Amino acid sequence: QVQLVESGGGSGQSGGSLRLFCAASGFTYSYNCMGWFRQAPGKEREGVAFIDSYGSTSYADSVKGRFTISQDNAKNTLTLKMNSLKSEDTAMYYCAAEPKCTARSGWLLLHGAPLFGYWGQGTQVTVSS
């Protein structure tokens with residue numbers, strides 16, 4: 001049974017930093033696709049950052065240069081480091097995973113939401129100015 005549990009959300013100041021974590025269990029990290037999505041009130045879900053099974057990453061334009069996605073295979077943890085926070089980063093953030101996935105991160109960013117079969121419960125990020 002694949003489980004994803006996010007943590008690390010909370011409140012931050014504009015210009016500050018937060019770090020989100022996704023603890024994964026129930027599958028190994030070989031040939032898996034992982035990503036972070038977010039959804040703000042009244043807005044559609046948005047793909048934020050993705051890492052593919054080759055270790056390549058892709059980011060939404062809105063977060064490029066500010067957010068960094070990484071994974072620790074030994075700890076089965078996916079991390080999203082968020083710097084230079086903006087009020088528009090306020091949203092519920094979701095970790096997503098798809099085992100045995102060979103899609104590239106660029107494709108995941110553009111088309112990948114339906115591919116992900118496993119989702120975490122979400123963690124709230126609120127950025128105040």
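Note that the structure is a prediction, hence the values are computed from the model and not measured.
Two residues are said to be in side-chain contact when any heavy atoms from C-beta on lie closer than 4.5 Å; Ser56 and Arg104 meet this criterion. You'll find the side chain of Gln39 stays beyond 4.5 Å of the side chain of Glu46, heavy atoms only. Counting only heavy atoms from C-beta outward, the side chains of Thr90 and Gln124 approach each other to under 4.5 Å. By the 4.5 Å heavy-atom criterion applied to side chains, Leu80 and Phe21 are not counted as neighbours. When side chains are defined from C-beta on, Ser17 does not count as touching Lys81, because their heavy atoms never get closer than 4.5 Å. Using a 4.5 Å heavy-atom threshold, the side chains of Ser14 and Leu85 count as separate. Using a 4.5 Å heavy-atom cutoff, the side chains of Met82 and Val125 are in contact.
Checked against the 6.0 Å centroid threshold, Tyr94 and Tyr118 do not count as a close aromatic pair. Taking the six-membered ring for Trp and the full ring otherwise, Phe50 and Tyr59 have centroids separated by 6.0 Å or more. The distance between the ring centers of Trp119 and Phe37 falls below 6.0 angstrom.
No donor-acceptor pair under 3.5 Å is formed between the side chain of Gln71 and the backbone N or O of Thr77. Put simply, the side chain of Thr123 gets close to the backbone of Gly9: a donor and an acceptor are under 3.5 Å apart. Judged purely by atom type and a 3.5 angstrom limit, Glu98 has no side-chain atom pairing as donor or acceptor with the backbone of Met34.
One finds the CZ atom of Arg45 at 13.5 Å from the CE atom of Met92 (value rounded to the nearest 0.5 Å). Considering CD of Gln3 and SG of Cys22, their distance stands at 11.0 Å, rounded to 0.5 Å. Taking CH2 of Trp107 as the reference point, atom CG of Asp52 lies at 12.0 Å (rounded to 0.5 Å). Once rounded to the nearest 0.5 Å, the distance linking SG of Cys101 with CG of Asn32 reads 7.5 Å. Atoms OG and CG, on Ser11 and Leu18 in that order, are 8.0 Å from each other to the nearest 0.5 Å.
When all heavy atoms of Ala103 and Leu108 are compared, the pair lying nearest together is CB-CD2, 3.9 Å. The heavy-atom pair separating Thr102 from Ser53 by the smallest distance is CA-OG, 4.1 Å. Between Arg38 and Ser62 the shortest heavy-atom distance is NH2-OG, 3.4 Å. Closest approach of Ala40 to Ala91, counting heavy atoms only: N-CB, 3.8 Å.
With Ile69 as the partner, the side chain to side chain contact (heavy atoms under 4.5 Å, CB included) test is satisfied by one option alone out of Leu20, Val48, Thr79, Ile51: Ile51.
Grouping the Ile, Leu, Val, Met, Phe, Trp and Tyr side chains by contacts below 4.5 angstrom, directly or via other members, places Leu78 with Val2.
Salt bridge status for Lys86 with Asp89: absent, with no side-chain N to carboxylate O gap under 4.0 Å.
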| Checking side-chain contact (heavy atoms from CB on, under 4.5 Å) for the pair Ser7/Arg19: CA distance, chi angles, key distance, verdict? | CA-CA 9 Å; Ser7 61; Arg19 195 171 296 191; over 6 Å; no
